Student: 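Input: one structure, supplied below.
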Amino acid sequence: MKILVPVKRVIDYNVKPRVKSDGSGVDLANVKMSMNPFDEIAVEEAIRLKEAGKAEEIVAVSVGPAKAQETLRTALAMGADRAILVQTDDEVEPLAVAKILAKIAEEEAPKLIITGKQAIDDDSNQTGQMTAALLGWGQGTFANTVDVDGDAIEVKREIDGGLQTVKLSLPAVVTTDLRLNEPRYASLPNIMKAKKKPLDEKTPADYGVDTAPRLTTTNVSEPPVRQAGEKVEDVDALVAKLKAAGAI
Ligand code: AMP
């Protein structure tokens with residue numbers, strides 16, 4: 001079984017984003033960029049399936065600028081076998097990414113696509129679902145546990161208040177939730193080896209996909225600054241304050 005793992009280059013999750021002064025977006029100049037954390041979980045899960053003898057090949061794909069090569073090399077260093085960079089400097093929206101992934105899936109014929117549940121820059125939570133829809137495949141989103149069994153996959157999904165178990169026939173799309181696994185760090189020897197693994201370079205036009213944005217961002221603003229809290233003497237004082245504020 002072949003597994004396709006889309007990985008997105010995003011602002012590092014430890015970086016506090018700064019909004020551009022004209023409100024047109026987030027300032028990415030000289031900001032540390034990394035693999036989207038949910039995609040690290042997707043790569044890890046694919047590697048675990050390979051280690052368990054349930055997959056033979058892992059192909060990492062990224063749609064983005066030339067620097068997304070670094071993100072793909074990280075996936076290769078973790079354990080992916082080869083990579084495809086679909087290079088564009090446009091800001092690509094989930095539908096365009098999904099169309100590209102669907103075309104790659106038609107060419108590569110993977111049995112499984114594992115995406116992150118969301119990219120932490122746009123928080124769209126759309127790409128995996130759209131890819132499944134375009135391909136007419138089943139989808140197991142927000143995966144907490146996956147279990148491949150022959151031509152089917154059982155996915156325990158994180159839903160409000162618990163876990164839901166779905167069984168999908170392969171090929172299928174799975175999107176990762178936070179508790180699926182803890183991704184490994186790439187070792188130094190594997191980082192060196194990853195430099196020699198194959199990385200194909202393509203463009204959206206190779207797949208006949210127009211990446212021109214369909215959405216216009218009208219404004220980006222900082223969240224409101226939190227007001228300082230206040231210490232109270234005891235529970236009675238707290239209750240009195242809450243009553244006075246009409247909160248209870
Ligand atoms: P989103 O729908 O943007 O929240 O992204 C969900 C998931 O789709 C991500 O976690 C990635 O696995 C995948 N994805 C989104 N955009 C890209 C991209 N430009 N390149 C590769 N994978 C992507």
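Atoms within a ligand are numbered from 1 in the order they appear, just like the ligands themselves. Computed from a predicted model, the values in this text were never measured in an experiment.
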Student: Judging by distance only, is a nitrogen or oxygen of D123 under 3.5 angstrom from one on ligand 1?
Tutor: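 Among all N and O atoms of D123, none is under 3.5 Å from an N or O of ligand 1.
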
Student: Closest heavy-atom contact between V86 and P204?
Tutor: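 In terms of heavy atoms, the two residues are closest at CG1-N, 3.6 Å.
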
Student: Go through ligand 1 atom by atom and flag the ones less than 4.0 Å from a non-hydrogen atom of N125.
Tutor: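 In order of numbering, the contacting atoms are 1 (P), 2 (O), 4 (O).
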
Student: Could you find the nearest protein heavy atom to atom 7 (C) of ligand 1 and give me its residue, atom name and distance?
Tutor: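 The closest one turns out to be G116 O, 3.3 Å.
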
Student: Are any of the side-chain nitrogens in R48 or E44 under 4.0 Å away from the carboxylate oxygens of its partner?
Tutor: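 Yes, R48 and E44 are salt-bridged.
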
Student: Side chain, backbone, both or neither: which part of T127 comes within less than 4.0 Å of ligand 1 when only heavy atoms are counted?
Tutor: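 T127 to ligand 1: contacts from backbone and side chain alike.
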
Student: With a 3.5 Å cut-off and no angle check, do the side chains of E201 and Q69 form a donor-acceptor pair?
Tutor: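 Yes - a donor-acceptor pair under 3.5 Å links their side chains.
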
Student: Work out whether the distance between some heavy atom of V92 and some atom of ligand 1 is less than 4.0 Å.
Tutor: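 The answer is no: ligand 1 sits nowhere under 4.0 Å from a heavy atom of V92.
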
Student: Would you mind checking which non-hydrogen protein atom is closest to atom 22 (N) of ligand 1, with the distance to 0.1 Å?
Tutor: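 Nearest protein contact, heavy atoms only, for atom 22 (N) of ligand 1 is P6 CB, 3.4 Å.
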
Student: Please say whether G64 places an N or O atom under 3.5 Å from an N or O atom belonging to ligand 1.
Tutor: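 Min N/O separation from ligand 1 is not below 3.5 Å for G64.
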
Student: Counting distance only, does the side-chain N/O of E45 pair as donor-acceptor with the main-chain N or O of I114 below 3.5 Å?
Tutor: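 Pair absent, no side-chain N/O of E45 close to backbone of I114.
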
Student: Look at atom 10 (O) of ligand 1 and say which protein heavy atom is nearest, naming residue and atom and giving the distance to 0.1 Å.
Tutor: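 Protein heavy atom at minimum distance: D39 OD1, 2.5 Å.
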
Student: Taking distance alone, with N or O pairs closer than 3.5 Å, would you say A119 contacts ligand 1?
Tutor: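 Looking only at distances, the answer is yes, because the N/O contact criterion of under 3.5 Å is met.
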
Student: Hey, what else clusters with V232 if you join Ile, Leu, Val, Met, Phe, Trp, Tyr whenever side-chain heavy atoms sit under 4.5 Å?
Tutor: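 Hydrophobic cluster check, V232: joined to V235, L238, V239, L242, I248.
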
Student: Is it the case that more than 12 heavy atoms not belonging to E51 sit under 6.0 Å from its CD atom?
Tutor: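 Yes.
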
Student: Considering the heavy atoms of D122, write down every atom of ligand 1 situated less than 4.0 Å from one of them.
Tutor: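 Result: 1 (P), 3 (O), 4 (O).
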
Student: When you measure from the side chain of S62 to the backbone N and O of L85, does any donor-acceptor pair fall under 3.5 Å?
Tutor: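 Checking the backbone N and O of L85 against the side chain of S62, no donor-acceptor pair under 3.5 Å is found.
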
Student: Does only the side chain of T115 get under 4.0 Å from ligand 1, or the backbone, or both, or neither? Count heavy atoms.
Tutor: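 Near ligand 1, T115 shows its backbone as well as its side chain.
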
Student: Take a 6.0 Å sphere around NZ of K20 and say whether it holds more than 12 heavy atoms from other residues, nucleotides or ligands.
Tutor: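 Buried by this count: over 12 neighbours within 6.0 Å.
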
Student: Judging by distance only, is a nitrogen or oxygen of V97 under 3.5 angstrom from one on ligand 1?
Tutor: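 Not met; the criterion fails.
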
Student: Return each pair, listed once, that meets salt bridge (Lys or Arg N to Asp or Glu O under 4.0 Å) where at least one residue sits in residues 53-75; pairs must be two or more places apart or across chains.
Tutor: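 Every pair satisfying salt bridge (Lys or Arg N to Asp or Glu O under 4.0 Å) with a residue in residues 53-75: K54-D147, E57-R82.
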
Student: Report the C-alpha separation of K167 and I153 in whole Å, then their side-chain angles, then the decisive distance to 0.1 Å, and conclude whether the side-chain contact (heavy atoms from CB on, under 4.5 Å) test is met.
Tutor: CA-CA 6 Å; K167 196 163 189 177; I153 183 167; over 6 Å; no

Student: Within a distance under 4.0 Å of any heavy atom of V61, pick out the atoms of ligand 1 and give their elements.
Tutor: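 Matching atoms, with element in brackets: 21 (C).
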
Student: Please could you name the atoms of ligand 1 that V7 approaches to less than 4.0 Å, counting only its heavy atoms?
Tutor: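 Result: 20 (N), 21 (C), 22 (N).
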
Student: Go through K8 and F38 one step at a time and tell me if the side-chain contact (heavy atoms from CB on, under 4.5 Å) criterion holds.
Tutor: CA-CA 9 Å; K8 188 176 186 187; F38 292 107; over 6 Å; no

Student: Less than 3.5 Å between some nitrogen or oxygen of N36 and one of ligand 1, yes or no?
Tutor: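 So ligand 1 has an N or O lying under 3.5 Å from an N or O of N36.
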
Student: Is there a polar contact between ligand 1 and V63, counting only N or O atoms under 3.5 Å apart?
Tutor: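 Such a contact does occur with ligand 1.
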
Student: What protein heavy atom is closest to atom 16 (N) of ligand 1, reported as residue, atom name and distance in Å?
Tutor: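 Result for atom 16 (N) of ligand 1: K8 CD, 3.4 Å.
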
